[in-house]
Amino acid sequence: MTGLFDLSGKVALITGGAQGLGRMIAEGLLKAGATVAITSRKEDVCNTAAAEMSSLGVCIPLPCDLSSPEAAVDLANRLRAACGDKLHILVNNAGKTWGGPVDNYPDKAWPGVMMVNVQAPFTLVRELLGALEAAGTPDDPARVINIGSVAGLKTARLSAYSYSASKAAIHMLSRDLAGDLAARNINVNALVPGFFPTKMTAHLREDDEVDPAVLSQIPMARLGRPDEIAGSVVFLSSRAGAYITGVALPVDGGVAGCG
């Protein structure tokens, strides 16, 4: 079991890694020994987060707004310049949502959400294929982990139509990529979080008290903890997860599996 979850010497990129789930994941990978590059739309937020996490390991800020394919291509180029020609772990975490009643849900709620949640992850994989292939071996493949959502697995009554559709899409995209890239020593999986204490779920909480209606939907009757999402990513990224690809792994307190 020695070293089963050790990521020393690995290089990871986490989009949206300055806040929320991405920050939780970044801290987990740093603690496991990886060098971690993070992105955020806001340069000051990205730089501050990287500086704060530098006490855990090498954390590199790469500010980026992934609202266009060109931005994703530019990010791939800047990552190679900053970290070299090998990328062991790519975590596509940056996300966007839009909620509203179906009667007047606007057409403009679709392109931006699909771009950030689906197209940007694909573009990054495509642009970083060389770096991922250079890092992967048959016994220790490179890892792509796409962050989905339980909203893409079952109806959540969130009235966030473009968001839930995009998350279902990233789950399927992960399976497609896994099948195509296995022979190139690249594992691709989706991680499917349920409810965690992030900005995206802030409307469900007040002074750390969670809406009872939300808790009633979670068999384990609580929100997820930062170490639980971080640990799941470390597992998929480490030797412990080397034989896993094409999976959508729920980390949701039983919402998907027990419902």
Side-chain angles (χ1 to χ4, degrees), residues 7-96 111-136 141-147 166 170 173-174 177 181 184-188 191 230 233-234 236-237:
L7 299 179
S8 299
K10 307 287 188 182
V11 175
L13 170 63
I14 306 169
T15 65
Q19 297 175 306
L21 286 181
R23 174 73 178 252
M24 300 173 194
I25 292 166
E27 291 183 358
L29 293 182
L30 285 165
K31 290 175 182 177
T35 293
V36 175
I38 62 169
T39 78
S40 176
R41 287 187 301 112
K42 297 179 179 179
E43 184 173 359
D44 59 335
V45 171
C46 195
N47 291 339
T48 297
E52 291 172 351
M53 288 189 283
S54 64
S55 62
L56 302 175
V58 179
C59 190
I60 301 165
L62 295 174
C64 180
D65 181 353
L66 290 168
S67 58
S68 72
E70 293 78 15
V73 172
D74 179 65
L75 173 60
N77 291 332
R78 288 191 289 130
L79 176 74
R80 284 189 291 266
C83 299
D85 294 328
K86 288 186 178 182
L87 178 64
H88 303 86
I89 304 159
L90 170 59
V91 182
N92 284 308
N93 166 75
K96 186 173 183 176
V113 171
M114 295 301 288
M115 176 66 235
V116 174
N117 294 2
V118 185
Q119 189 174 350
F122 176 84
T123 300
L124 276 176
V125 171
R126 184 192 69 204
E127 293 299 308
L128 291 168
L129 272 176
L132 291 163
E133 280 192 276
R143 317 298 165 88
V144 176
I145 302 171
N146 295 318
I147 305 301
S166 73
I170 198 67
L173 177 61
S174 301
L177 289 170
L181 298 179
R184 297 165 77 168
N185 300 322
I186 302 171
N187 289 4
V188 185
L191 198 66
V233 174
V234 169
L236 288 175
S237 301

Q: Rounded to the nearest 0.5 Å, what's the gap from CZ on Arg78 to OG1 on Thr39? Could you check?
A: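 One finds 9.0 Å between CZ of Arg78 and OG1 of Thr39.
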Q: What are the two closest non-hydrogen atoms of Ser237 and Leu29, and how far apart are they?
A: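 Nearest pair, atom of Ser237 first, then Leu29: OG-CD2, 4.1 Å.
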Q: What pair of heavy atoms forms the shortest contact from Val116 to Ser67, and how long is it?
A: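 Heavy-atom minimum between the residues: CG2-CA, 4.2 Å.
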Q: Check whether any side-chain heavy atom of Gln119 lies under 4.5 Å from a side-chain heavy atom of Leu66, and answer yes or no.
A: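 Sidechains of Leu66 and Gln119: no contact.
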Q: Specify the closest pair of heavy atoms between Ala76 and Glu127, including all atoms of both residues, with the distance to one decimal.
A: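 Nearest heavy atoms, Ala76 then Glu127: CB-CB, 3.7 Å.
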Q: So do the side chains of Cys64 and Asp74 get within less than 4.5 Å of each other, counting heavy atoms only?
A: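 No, too far: nothing below the 4.5 Å cut-off.
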Q: For Asp65 and Ala71, which heavy atoms make the closest approach, and how far apart are they?
A: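 Nearest heavy atoms, Asp65 then Ala71: O-CB, 3.1 Å.
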Q: What distance separates Arg184 CZ from Leu177 CG, expressed to the nearest 0.5 Å?
A: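 Answer rounded to 0.5 Å: 10.5 Å.
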Q: Any donor-acceptor pair under 3.5 Å linking the side chain of Asn47 with the backbone of Pro61?
A: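 No, the answer is negative, given that no donor and acceptor are paired below the 3.5 Å cut-off.
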Q: Distance-only, no hydrogens or angles: does the Asn93 side chain make a donor-acceptor pair with backbone N or O of Ile147 under 3.5 Å?
A: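 Looks like no, no N/O pair under 3.5 Å.
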Q: Over all heavy atoms of both residues, which pair between Pro141 and Ile186 is shortest? Give the atoms and the distance, please.
A: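 So the two residues come closest at CB-N, 4.2 Å.
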Q: Rounded to the nearest 0.5 Å, what separation is found between the CG atom of Leu191 and the OG atom of Ser174?
A: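 That separation rounds to 10.0 Å.
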Q: Using 0.5 Å steps for rounding, measure from the CG atom of Leu132 to the CG atom of Asn187.
A: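 So the gap between those two atoms works out to 11.0 Å.
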Q: As an exercise, state the distance from CG of Leu87 to CG of Leu124, rounded to the nearest 0.5 Å.
A: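 That separation rounds to 9.5 Å.
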Q: Heavy-atom distance under 4.5 Å between the side chains of Val125 and Leu173, does that happen here?
A: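 Heavy-atom side-chain distance check fails, nothing below 4.5 Å.
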Q: Would you say Leu56 and Val36 make side-chain contact, with heavy atoms under 4.5 Å?
A: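 No, their side chains stay 4.5 Å or more apart.
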Q: Is there a donor-acceptor contact under 3.5 Å from the side chain of Arg143 to the main chain of Leu236?
A: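 Checked: pair present.
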Q: Identify, with sequence neighbours excluded, every residue that meets salt bridge (Lys or Arg N to Asp or Glu O under 4.0 Å) alongside Lys10.
A: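 Checked Lys10 against salt bridge (Lys or Arg N to Asp or Glu O under 4.0 Å); matches are Asp140.
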Q: Quick one: are Val11 and Lys86 in side-chain contact, heavy atoms under 4.5 Å?
A: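 No. Closest side-chain heavy atoms not under 4.5 Å.
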Q: Just wondering, do Met53 and Arg23 contact through their side chains at under 4.5 Å, heavy atoms?
A: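 Yes, close enough: below the 4.5 Å cut-off.
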Q: State, with a plain yes or no, whether a side-chain heavy atom of Leu181 is found less than 4.5 Å away from one of Leu129.
A: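 Side-chain contact under 4.5 Å: yes.
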Q: For Cys46 versus Leu62, what's the shortest heavy-atom pair and its separation?
A: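 Heavy atoms of Cys46 and Leu62 come nearest at SG-N, 3.6 Å.
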Q: Distance from Lys42 atom NZ to Thr48 atom OG1, nearest 0.5 Å?
A: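 Reported to 0.5 Å precision, the distance equals 11.5 Å.
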Q: Taking C-beta and beyond as the side chain, do Leu128 and Val144 meet within less than 4.5 Å on heavy atoms?
A: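 A side-chain contact is absent here, since even the closest heavy-atom pair is not under 4.5 Å.
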